Amino acid sequence: MKEISNKHVFICIEDDNFVQMFLDALLSKTNLNKDNFVIAIIPIESGCSFKEVLDVEIIDYNDNLIPDLINAKSLTFISLDNWNSSVLNKIIDYDNDVVSKIHIFVTDDEVERWRANFNKNAYLKEDKSQHISENVIKALSYKLNFIMPKGYFYDVISKILSQHGNIENASSIFDILLTDQSEKLLQIVNSIPKDHKKILLGSKAGSFGFRATIKIFNSFYNLKMTDRYKFVCLNQGKHKIALILYVFFMKIFKKINTQIEFFPITDALTYNSMVSSISYFILQNRGGGTTARNFAKWGCGSLCIMKDSPNSNVFKDIYKIDIIDFEKYDEIANKIKDSHHIDIQQNRIKIMDEESRALEVLSKLYA
């Protein structure tokens, strides 16, 4: 038998990006012992190999391991999707009593997919394009334990589930980088003054389409505020070319000079350094929450999010911070112009307070 009978086992697919970030934050910020944790890797056909960055025991999952997993102290799945739900169901089929030990770390992205699917069909219907397979639906039929911020997610989850699961009321605790790297970088960026106010358009390439981006630019043109800011855009390819041509057109024919920096795909450290230089972060409606949370936690600047979008609700309901909310892209400049009421440092404190609260919940769960 594998030596996992009294350990907390985290089960994830081999190209998972979160499990080690989550465990690193948990172990770095609490008194929990790393020897009490194991990561079990589910192989997939992506060609990606699991990159070990933590000094935590790592094992490969196969079905022969199920009798050993039954005896673990707890089983935590990072998200619930087409790839890991079949493993979860096999474990429960082997011994139904294990349900009380199973925890699902839920993300806002999957909750939004479940919500959209449920609202459309009045029940959760299989749709593999939304990562909702028959195995996901079956897994959600059990009374599982969900690790998620109760204030925002509970109403959605309770409406969808046939059996209400137990909620471990904890929000995200990790940054973009591992804790030690993140703290070192924060010390560096705090010592560097911002020489120009920068506006970041989304957390990743494709966050905003061409038309939306132009509407944002035009909102600054119309208020003659273009020369006050440098825009940072992550888009590449045809979208990048189209924006370059548009900026060139405005410069030649309208004498408007827009400063735009196209930031390439890069490593997490360089990306995080770029985000720390931003004064206004225009976040897309969904996704990018970890980046935006880190941005606010570091006191870099103000978040701008569309009103009543999933991301807006997360930052208002969970973190309770002040954001610049807008209903249309062409009003963003005016909103930024009138945003003097945003207390960046108070927002920073609120993010850290929520992190401390979540860590207290999790440290008890994994004691």
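What you are looking at is a predicted structure, and each value in this text was computed from that prediction instead of being measured.
With Thr270 contributing its side chain and Thr266 its backbone, the two residues share no donor-acceptor pair below 3.5 Å. Glu331 contributes no side-chain N or O that, together with a main-chain N or O of Phe326, makes up a donor-acceptor pair within less than 3.5 Å. Checked by atom type and distance alone, the side chain of Asn84 pairs as donor or acceptor with a backbone atom of Ser79 at under 3.5 Å. Under a 3.5 Å cut-off, the side chain of Asp16 and the backbone N or O of Ile13 do not form any donor-acceptor pair. Of the possible donor and acceptor atoms, one in the side chain of Lys101 sits under 3.5 Å from a partner among the backbone N and O of Ile70. Side-chain atoms of Asn285 do not come within 3.5 Å of backbone N or O of Asn311 as any donor-acceptor pair. At least one donor-acceptor pair under 3.5 Å links the side chain of Ser339 to the backbone N or O of Ile336. Under the 3.5 Å distance criterion, the side-chain polar atoms of Asn121 are matched with a main-chain donor or acceptor of Asn117. Counting only distance, with no hydrogens or angles, the side chain of His340 and the backbone of Lys337 share a donor-acceptor pair below 3.5 Å.
Within 6.0 Å of CD in Glu134 there are 12 or fewer heavy atoms belonging to other residues, nucleotides or ligands. Heavy-atom neighbours of Gln346 CD from other residues, nucleotides or ligands within 6.0 Å: above the threshold of 12. Counting heavy-atom neighbours within 6.0 Å of Leu245 CG, excluding the residue itself, gives a total above 12. In Phe210, the CZ atom is crowded: over 12 heavy atoms of neighbouring residues, nucleotides or ligands sit closer than 6.0 Å. Atom CG of Asn31 sits in a sparse spot, with 12 or fewer heavy atoms from other residues, nucleotides or ligands closer than 6.0 Å. Under a cut-off of 6.0 angstrom, the local environment of NZ in Lys215 is sparse, with at most 12 non-hydrogen atoms contributed by other residues, nucleotides or ligands.
Within the model, atoms CD1 of Ile39 and CG of Asp60 stand 12.0 Å from one another, a figure rounded to the nearest 0.5 Å. Interatomic distance, Tyr366 OH to Asn36 CG, rounded to the nearest 0.5 Å: 13.0 Å. Atom CG of Asp227 and atom CG of Asn257 lie 9.0 Å apart (nearest 0.5 Å). A distance of 9.0 Å separates NE2 of His103 from CZ of Phe10, quoted to the nearest 0.5 Å. How far NZ of Lys125 is from CD1 of Ile137: 10.0 Å, rounded to the nearest 0.5 Å. Rounding to the nearest 0.5 angstrom, the gap separating the SG atom in Cys300 from the NZ atom in Lys198 is 12.0 Å.
A ring-ring contact (aromatic ring centres under 6.0 Å, His included) with Phe105 holds for exactly one of Phe22, Phe77, Phe18; it is Phe22.
In summary, the side chains of Glu168 and Asn166 do present a donor paired with an acceptor at a separation below 3.5 Å, with no hydrogens or angles considered. For the residue pair Asn235 and Lys204, no side-chain donor N or O sits within less than 3.5 Å of a side-chain acceptor on the partner. Side chains of Thr258 and Tyr221: a donor-acceptor N/O pair is present below 3.5 angstrom, by distance only. Side-chain contact check for Glu110 and Thr107: at least one donor-acceptor pair (N or O, by modelled atom type) lies under 3.5 Å. If you check the side chains of Asn135 and Ser133, you find no donor sitting under 3.5 Å from an acceptor. Side-chain N/O atoms of Gln284 and Ser203 include a donor and acceptor closer than 3.5 Å.
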- [ ] Might you work through the side chain to side chain donor-acceptor pair (under 3.5 Å) test for Asp353 and Ser356, ending with a clear yes or no?
- [x] CA-CA 5 Å; Asp353 285 347; Ser356 296; 5.4 Å; no

- [ ] Please test Asn347 against Lys320 for side chain to side chain donor-acceptor pair (under 3.5 Å), starting from the C-alpha separation and ending with a verdict.
- [x] CA-CA 8 Å; Asn347 281 350; Lys320 296 179 172 56; over 6 Å; no

Open item on the list: Evaluate Tyr61 against Asp63 for side chain to side chain donor-acceptor pair (under 3.5 Å), listing each step before the verdict.
Closed with: CA-CA 7 Å; Tyr61 170 85; Asp63 291 345; 2.8 Å; yes

Task: Working for side chain to side chain contact (heavy atoms under 4.5 Å, CB included), residues Leu365 and Ile147 - done: CA-CA 10 Å; Leu365 174 62; Ile147 302 172; 3.9 Å; yes

Open item on the list: Determine whether Tyr246 and Thr213 satisfy the following criterion, side chain to side chain donor-acceptor pair (under 3.5 Å), listing intermediate values before the conclusion.
Closed with: CA-CA 11 Å; Tyr246 182 82; Thr213 304; over 6 Å; no

TODO: Check the pair Leu32 / Leu362 against side chain to side chain contact (heavy atoms under 4.5 Å, CB included), numbers first and verdict last.
DONE: CA-CA 10 Å; Leu32 296 174; Leu362 294 169; over 6 Å; no

Open item on the list: Is there a side chain to side chain contact (heavy atoms under 4.5 Å, CB included) between Ser312 and Met306? Walk through the geometry before answering.
Closed with: CA-CA 6 Å; Ser312 173; Met306 184 169 284; over 6 Å; no

Open item on the list: With side chain to side chain contact (heavy atoms under 4.5 Å, CB included) as the criterion, how do Leu144 and Val99 come out once you've worked through the C-alpha distance, each side chain's angles and the decisive distance to 0.1 Å?
Closed with: CA-CA 6 Å; Leu144 303 172; Val99 169; 4.1 Å; yes

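No salt bridge links Arg357 with Glu360; every basic N to acidic carboxylate O contact stays at or beyond 4.0 Å. Salt bridge annotation for Lys34-Glu57: absent, with no cationic side-chain nitrogen under 4.0 angstrom from a carboxylate oxygen. A salt bridge links Lys138 to Asp93: one of the charged nitrogens lies within less than 4.0 Å of a carboxylate oxygen. For Lys7 and Asp35, the salt-bridge test fails: no basic side-chain N is under 4.0 Å from an acidic carboxylate O.
Between Phe220 and Phe231, the ring planes are perpendicular. Angles over 60° get that label, and only those under 30° would be called parallel. Ring orientation note: the planes of Phe208 and Tyr329 are nearly perpendicular, at an angle over 60° on the 30°/60° scale.
A 4.5 Å side-chain heavy-atom check between Ile59 and Ile41 finds every atom pair outside the cut-off. Proximity of Ile244 to Phe262: side-chain heavy atoms (C-beta onward) are separated by under 4.5 Å at one or more points. Between Val232 and Leu201, the closest side-chain pair of non-hydrogen atoms is not below 4.5 Å. By the 4.5 Å heavy-atom criterion applied to side chains, Glu112 and Arg286 are counted as neighbours. Asp24 is not listed as a side-chain neighbour of Lys29, based on a closest heavy-atom distance of 4.5 Å or more. With a 4.5 Å cut-off on side-chain heavy atoms, Lys350 and Tyr319 do not count as touching. Ile4 has its side chain out of reach of Asn71: every pair of non-hydrogen atoms, C-beta onward, lies at least 4.5 Å apart. Ile66 is listed as a side-chain neighbour of Lys90, based on a closest heavy-atom distance under 4.5 Å.
Following chains of ILVMFWY side-chain contacts shorter than 4.5 Å, one cannot reach Phe281 starting from Phe217, and the two form parts of different hydrophobic clusters.
Counting only residues at least two apart or in different chains, side chain to side chain donor-acceptor pair (under 3.5 Å) contacts with residues 294-308 comprise Asp175-Lys297, Asn272-Asn294, Lys297-Glu355.
Nearest heavy atom pair, residue Asn145 against residue Ile102, reads ND2-O, 2.9 Å.
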